[in-house]
Protein chains: 2
Amino acid sequence: MYRNQVNYALIEDASKRRVSYNKRLKGILKKSDEPKTLCDVEVATVIYGPYRNEPYTFPNNDVVQNTFIKSKELPTLERSKNKVTREEFTMQRIKKLEEQLQKVRKENRVKEMTNEMYEVFNRKIVLADMNPSDFNDLYVV
Amino acid sequence: MYRNQVNYALIEDASKRRVSYNKRLKGILKKSDEPKTLCDVEVATVIYGPYRNEPYTFPNNDVVQNTFIKSKELPTLERSKNKVTREEFTMQRIKKLEEQLQKVRKENRVKEMTNEMYEVFNRKIVLADMNPSDFNDLYVV
DNA sequence: CGACCTATGTATAACCC
DNA sequence: TGGGTTATACATAGGTC
C-alpha cells in the first residue's frame, strides 16, 4: 500500500498477494506480541485463509480455545453485544475516513488556490515586463 | 517506542500504559482487518488484560469460530442474509473511502510539488533580473 | 520462497487541550 | 478521558538476488 498507490481491495496477482500476506502476517504477529510486554495485555491471533488447511493460532491454542469456547457459551444477549461492538468499530472507521477525506480535500483546495495565485502572479509579471514591440515575435498558433 | 527510545518493557506509568494500550489495540485491529480485504485471509484477535472483565474477540468472526472450534452446535449458523449484505455494503463503503482518500492525497502531493516549483521558479526570476548594483540596497540582517 | 534494499505510508510516544 | 498534533520509528510494496 506504499511504494505505489495500491487499491484497498483484493490483490489480484496471486503471487503478490501471497507475498503481501506473508509480510503482513509477520507484522501483525509482532505488533500483537508487544502489548504483552508493554501493557500487560495478552493478544492472541487466529489466522484462517487459503494458505493453511486449518486456522492456526498465536501464541498458543489453549488461550484461544478457552476464549472462543467461553464466547460460545455466552448468552445470546452478550453475543449480540459483541456484534454491536464490532459494528461500532466499523462505523467509527468510516467516520474517521470521512473526516480525513474532508481534511485532505480542504488542504487540496488551499494548495489549488495557491497555485492559481502563482499563475496569476506570473502572468502579471510577464505582461508588465512586455512592451508592444514584443508582440512582433508572436505567430498565430 | 518512537519519539524517544522506549524500553521494550512494561510501561511503568499506569496512565501512559493504558493510553499506549488503547492506541496499540486500535492499530492492531486495523492491521488485522486488512488481510481479509487484501489477501483473502481472515484474522481474528483475542484480547485479554486488566482493562476488561473477560477476554474478547475481534471481529468475533463466526466462520473462524466455527471452523476452529469444530462444533456443530454453534448457534451462529442462523446468520441472516440481511447481516451479510449489510456488512458487504459497509465494507464497500470503507473500500471506496480508502480509494478516495488515496486519490485526493495523491492530487495533494502533486499540487504541493507544483507550489514548490513555482517558488523556485520565482526565486530564479528574481535573481536573474537582478544585477550587481542591486545589492547596494542590501543590509545585513 | 526468503533475505535484503529503498522509498514511502503508517503507527505511535509525547505533547497539548 | 479522549481528541488532535508533531516528530520519529516502524511496516511494507516493489524490486533484486
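Chain identifiers are assigned alphabetically (A, B, ...) following the order of the sequence lines, protein sequences preceding nucleic acid strands; residue numbering begins at 1 within each chain.
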Counting C-beta onward and ignoring hydrogens, is there a side-chain heavy-atom pair between A:Glu34 and A:Lys31 closer than 4.5 Å?
yes
Testing C:dA11, D:dA13, C:dG2 for proximity to the side chain of A:Asn22, the answer is C:dG2
Check side-chain hydrogen bond (donor to acceptor under 3.5 Å, both in side chains) between A:Tyr21 and all other residues, then give those that pass, not counting sequence neighbours.
A:Tyr56
Without decimals, in angstroms, what is the distance between A:Tyr21 OH and D:dA11 C1'?
17 Å
Using atom types as modelled, flag every donor-acceptor pair under 3.5 Å from a side chain in residues 9-17 of chain B to any protein atom, sequence neighbours excluded.
residue, atom, partner, partner atom, Å
B:Asp13, OD1, B:Ser15, N, 2.8
B:Asp13, OD1, B:Lys16, N, 3.2
B:Arg17, NE, B:Ile11, O, 2.8
B:Arg17, NH2, B:Ile11, O, 3.4
B:Arg17, NH2, B:Glu12, O, 3.0

Separation of D:dA11 atom P from A:Leu25 atom CG, nearest Å, is 13 Å
To the nearest Å, give me how far apart CG (A:Leu38) and C1' (D:dA9) are.
14 Å
Hits for salt bridge (charged side-chain N to carboxylate O under 4.0 Å, His left out) against A:Arg18, two or more places apart or cross-chain, chain-then-number order -> none
Does the base of D:dA13 carry an N or O that pairs as donor and acceptor with the side chain of A:Lys23 under 3.5 Å?
yes
In this structure, how many angstroms lie between the P atom of C:dA11 and the NZ atom of A:Lys96, rounded?
11 Å
Give the angle between the helix axes at the two ends of the helix from C:dG2-D:dC17 to C:dC17-D:dG2, taking five base pairs at each end and rounding to 10°.
30°
Nearest-Å distance for atom pair OH/C1', residues A:Tyr51 and C:dG2:
16 Å
Within this structure, what is the NZ-to-C1' distance between B:Lys31 and C:dG9, rounded to whole angstrom?
9 Å
Give one of base, sugar-phosphate or nothing for A:Lys30, where a contact means two heavy atoms less than 4.0 Å apart.
sugar-phosphate
Nucleotide D:dT1, atom P - distance to CG of B:Asp13 in whole Å
12 Å
What integer distance in Å separates A:Leu97:CG from C:dT10:P?
11 Å
Which residues satisfy the side-chain hydrogen bond (donor to acceptor under 3.5 Å, both in side chains) test with A:Gln92, sequence neighbours excluded?
none
Could you please name the option among D:dT1, D:dA13, C:dT10 that lies closest to any side-chain atom of A:Arg24?
D:dA13
Per B:Arg18 side chain, nearest of listed nucleotides D:dT1, D:dG4, C:dT10
D:dT1
If the condition is side chain to side chain contact (heavy atoms under 4.5 Å, CB included), which residues does B:Thr37 pass it with, not counting sequence neighbours?
A:Tyr8
A:Val43 versus A:Asp33: any side-chain heavy-atom pair under 4.5 Å?
no
